[in-house]
Amino acid sequence: MFVNLSPGSIMTKLGRSRDTSLLSLLLIIFPLLTQNVSIIGTASTNSNLHFKEAPQFYNSHSCSTISSSENTVHVAMTLDIPYLRGSMAAILSVLQHSSCPENVIFHFIASSSAETAHLNLTITKSFPYLHFTIYPIQDIAAVAGLISTSIRSALDCPLNYARNYLADLLPKYLNKVVYLDSDLVLVDDIAKLASTPLTEDSVLAAPEYCNANFTTYFTPTFWSNPSLSLIFANRIRKPCYFNTGVMVIDLVRWRAGDYTTKIVEWMELQKRMRIYELGSLPPFLLVFAGNIAPVDHSWNQHGLGGDNFRGLCRDLHPGPVSLLHWSGKGKPWARLDANHPCPLDALWSPYDLLQSHYTLES
């Protein structure tokens with residue numbers, strides 16, 4: 001009997017059931033799936049970080065060349081030392097499940113020029129064939145000055161706000177980009193996500209969650225002020241929560257509408273009177289909620305990191321899975337290192353390129 005143990009097949013099974021025996025099996029099998037990866041050590045500001053070289057992935061025969069822009073997928077991600085391990089796993093997952101991996105171009109946003117050389121070396125050593133560019137944020141102090149404290153200190157990192165400035169940081173020839181957080185992995189072809197159609201009135205596309213209590217993302221000060229709360233009154237559709245860790249963004253429309261300025265204006269108001277609590281998300285809700293193009297929920301199975309306070313284990317949402325997102329406090333690499341993983345962290349571990357101390361010493 002043939003048993004398909006590919007991540008895509010496994011995720012299909014998980015989307016239909018909550019079989020804990022399957023998850024137990026994954027804890028044993030998944031470490032075996034990555035043993036064909038060759039080893040290198042990368043220089044790092046943290047001497048404990050050594051990454052493997054990922055295998056090279058090739059286009060299928062149906063793929064056009066990368067020179068054909070209409071078939072090129074542009075991916076934007078942030079890149080920094082604290083989340084580098086997650087970023088490496090995310091990159092590997094994108095390439096592994098892409099039918100045309102050679103046509104995927106990465107655009108990484110770094111917090112400073114000082115980190116760029118190290119990050120460039122790390123990515124190049126682990127992915128020597130990767131098409132990528134790193135763009136440092138030129139005035140990180142100005143970004144930091146706009147940030148108001150939130151419920152979790154990690155949400156207050158300036159790089160967490162890089163998505164606000166993509167249209168300014170990325171080359172003007174880019175028309176559309178898929179933005180991805182660093183704490184996720186894909187188990188489906190990113191070209192499917194990139195091809196999401198945007199309606200005439202939409203600047204971005206993302207999975208919406210209209211069952212969430214939208215009002216909780218803003219303070220009583222916001223809702224008691226008619227000039228503020230009425231901002232949602234004329235939206236084309238009901239304003240709903242969406243997670244900004246997975247978005248398809250039309251950069252042409254963003255620039256034409258000067259949406260960076262609109263987001264910054266809300267952040268400036270937040271500094272004067274506290275109108276929201278949760279980091280970089282509320283300004284996006286204020287500007288875009290009710291005006292975004294829909295994406296299937298399979299493309300952001302989010303919340304796997306638990307809540308923002310305790311990071312408790314969570315199960316998958318019902319339905320199919322194309323992307324797993326460990327949003328929330330708990331990150332899979334930290335829980336695995338602490339030897340207290342959640343069951344679903346076993347689905348992240350095959351993409352972990354960190355080289356263990358044991359293998360290095362061997």
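Side-chain atoms are counted along with the backbone in the values below, which use heavy atoms only and exclude waters and symmetry mates.
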Q: Quick one: do the Ser148 and Arg274 side chains pair a donor with an acceptor below 3.5 Å?
A: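 Per modelled atom types, Ser148 and Arg274 side chains form no pair under 3.5 Å.
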Q: Taking the ring of Phe106 and the ring of Phe127, is the distance between their centroids below 6.0 Å?
A: no
Q: Keeping to residues at least two apart or across chains, list the disulfide (SG to SG under 2.5 Å) pairs with something in residues 215-291.
A: Cys210-Cys240
Q: Any side-chain to backbone donor/acceptor pair from Glu102 onto Asn59? Under 3.5 Å, distance only.
A: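 Indeed, once roles are kept as given, a pair shorter than 3.5 Å links the two residues.
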Q: For the residue pair Ile292 and Glu208, what are the closest heavy atoms and their distance?
A: CD1-CG, 3.4 Å
Q: Kindly state each residue pair satisfying side-chain hydrogen bond (donor to acceptor under 3.5 Å, both in side chains) with at least one member in residues 183-197, sequence neighbours excluded.
A: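 Applying side-chain hydrogen bond (donor to acceptor under 3.5 Å, both in side chains) to every pair that reaches into residues 183-197, excluding sequence neighbours, yields Ser99-Asp189, Asp183-His325, Asp183-Lys331, Asp188-Lys192, Asp188-Ser322.
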Q: Can you find a heavy atom in the side chain of Phe132 that is under 4.5 Å from one in the side chain of Val104?
A: no
Q: Check whether any side-chain N or O of Lys271 sits under 3.5 Å from a backbone N or O of Ile147 as a donor-acceptor pair, and report yes or no.
A: yes
Q: Might you point out which heavy atoms bring Phe242 and Pro207 nearest each other, and give the distance in Å?
A: CB-O, 3.3 Å
Q: I would like to know whether Thr260 and Asp168 meet side-chain contact (heavy atoms from CB on, under 4.5 Å); could you show each step before the answer?
A: CA-CA 8 Å; Thr260 295; Asp168 300 324; 3.7 Å; yes
Q: Could you give all pairs that pass the salt bridge (charged side-chain N to carboxylate O under 4.0 Å, His left out) test and reach residues 254-265, with sequence neighbours left out?
A: none
Q: Please round to the nearest 0.5 Å and tell me the distance separating atom CG of Leu130 and atom OG1 of Thr124.
A: 8.5 Å
Q: Is there a side-chain contact between Ile109 and Leu79 (heavy atoms, below 4.5 Å)?
A: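 No, every pair of side-chain atoms sits at 4.5 Å or beyond.
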Q: Distance from Leu281 atom CG to Thr244 atom OG1, nearest 0.5 Å?
A: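 The OG1 atom of Thr244 is 5.5 Å from CG of Leu281, to the nearest 0.5 Å.
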Q: For a 4.5 angstrom cut-off between non-hydrogen side-chain atoms, does Val73 reach Leu193?
A: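 The answer is no; the side chains never approach within 4.5 Å.
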Q: Just distance, no hydrogens or angles: give the donor-acceptor pairs under 3.5 Å from side chains in residues 170-177, sequence neighbours left out.
A:
residue : atom : partner : partner atom : Å
Lys172  : NZ   : Ala167  : O            : 3.3
Lys176  : NZ   : Ala194  : O            : 2.6

Q: Using 30° and 60° as the class boundaries, would you call the ring planes of Tyr209 and His317 parallel, tilted or perpendicular?
A: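 Rings of Tyr209 and His317: tilted, as their planes differ by 30° to 60°.
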Q: Could you grab the distance from atom CD1 of Ile231 to atom CG of Leu285, nearest 0.5 Å is fine?
A: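 The CG atom of Leu285 is 12.5 Å from CD1 of Ile231, to the nearest 0.5 Å.
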Q: Of all heavy-atom pairs between Met88 and Ser126, which one has the smallest distance, and what is that distance?
A: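 Distance-wise, the nearest heavy atoms are CE-OG, 3.1 Å.
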Q: Give the intermediate values and the outcome of side-chain contact (heavy atoms from CB on, under 4.5 Å) for residues Ser280 and Arg163.
A: CA-CA 9 Å; Ser280 62; Arg163 69 199 84 189; 4.0 Å; yes
Q: According to the salt bridge (charged side-chain N to carboxylate O under 4.0 Å, His left out) rule, which pairs have a member within residues 84-96, sequence neighbours left out?
A: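 Only Arg85-Asp337, Arg85-Asp352 qualify under salt bridge (charged side-chain N to carboxylate O under 4.0 Å, His left out).
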Q: Side chains of His74 and His107: is there a donor and an acceptor less than 3.5 Å apart?
A: yes
Q: Using side-chain contact (heavy atoms from CB on, under 4.5 Å) as the criterion, list what pairs up with Asp80, not counting sequence neighbours.
A: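 For Asp80, the residues satisfying side-chain contact (heavy atoms from CB on, under 4.5 Å) (neighbours in sequence not counted) are Pro82, Tyr83, Glu115, Leu159.
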Q: Scan side-chain atoms only and decide if Asn300 and Asn243 contain a donor-acceptor pair under the 3.5 Å cut-off.
A: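 Yes, Asn243 and Asn300 have a side-chain donor paired with an acceptor closer than 3.5 Å.
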Q: Could you please spell out the steps behind the side-chain contact (heavy atoms from CB on, under 4.5 Å) verdict for His297 and Val321?
A: CA-CA 8 Å; His297 288 181; Val321 180; over 6 Å; no
Q: Does any part of the side chain of Thr199, heavy atoms only, come nearer than 4.5 Å to the side chain of Asn291, both counted from C-beta?
A: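 No, their side chains stay 4.5 Å or more apart.
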Q: Which word best sums up how the rings of Trp223 and Phe218 line up, parallel for under 30°, tilted for 30 to 60°, or perpendicular for over 60°?
A: perpendicular
Q: Measuring only between side-chain heavy atoms, which start at C-beta, is Arg253 closer than 4.5 Å to Leu198?
A: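 Yes, close enough: below the 4.5 Å cut-off.
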Q: Treating Gln270 as the side-chain partner and Ile275 as the backbone partner, does any N or O pair qualify as donor plus acceptor under 3.5 Å?
A: yes
Q: More than 12 heavy atoms of other residues, nucleotides or ligands under 6.0 Å from OH of Tyr129: is that the case?
A: yes
Q: Answer with yes or no whether the hydrophobic clustering places Met273 together with Tyr217; edges join I, L, V, M, F, W, Y residues whose side-chain heavy atoms lie under 4.5 Å apart.
A: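 In one cluster: yes.
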Q: Under 3.5 Å, side chain of Ser98 to main-chain N/O of Cys100, donor-acceptor pair present?
A: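 Yes, the answer is positive, given that a donor and an acceptor are paired below the 3.5 Å cut-off.
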Q: Would you compute the distance between atom OG1 of Thr122 and atom CD1 of Ile134 and round it to the nearest 0.5 angstrom?
A: 8.5 Å
Q: Verify whether one side chain among Asp345 and Trp326 offers a donor that lies under 3.5 Å from an acceptor in the other.
A: yes
Q: Quick one: closest heavy-atom pair of Gly86 and Trp333, and the distance?
A: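 Taking every non-hydrogen atom into account, CA-CZ3, 3.5 Å.
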Q: Do Ser113 and Thr116 have a side chain donor and acceptor closer than 3.5 Å?
A: no
Q: Considering only heavy atoms from C-beta outward, does the side chain of Leu146 approach that of Asn164 to under 4.5 Å?
A: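 No; the side chains remain at least 4.5 Å from each other.
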Q: Would a line drawn from the ring center of Phe288 to the ring center of Trp254 be shorter than 6.0 Å?
A: yes
Q: Nearest 0.5 Å please: distance from the CG atom of Leu184 over to the NE2 atom of His302.
A: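 Spacing of CG (Leu184) from NE2 (His302) equals 12.5 Å.
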Q: Looking only at non-hydrogen atoms, find the nearest pair between Arg335 and Gly305 and report the distance.
A: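 So the minimum-distance heavy-atom pair works out to NH1-O, 3.9 Å.
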Q: For Leu186 and Tyr351, work out which heavy atoms get closest and say how close.
A: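 Minimum heavy-atom contact is O-OH, 4.0 Å.
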Q: Just wondering, do Val185 and Leu347 contact through their side chains at under 4.5 Å, heavy atoms?
A: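 The answer is no, as the side chains (C-beta and beyond) never meet within the 4.5 Å cut-off.
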Q: Quick one, Leu92 and Leu353 - any side-chain contact, counting heavy atoms below 4.5 Å?
A: yes
Q: What distance do Thr78 atom OG1 and Asp181 atom CG have between them, rounded to the nearest 0.5 Å?
A: 6.5 Å
Q: Quick check: Tyr135 with Phe108 (ring centres under 6.0 Å apart)?
A: no
Q: Check step by step if side-chain contact (heavy atoms from CB on, under 4.5 Å) holds for Tyr161 and Ile263.
A: CA-CA 10 Å; Tyr161 291 78; Ile263 289 174; over 6 Å; no
Q: Might you confirm whether atom CG of Asn213 has over 12 heavy atoms from other residues, nucleotides or ligands at distances under 6.0 Å?
A: yes
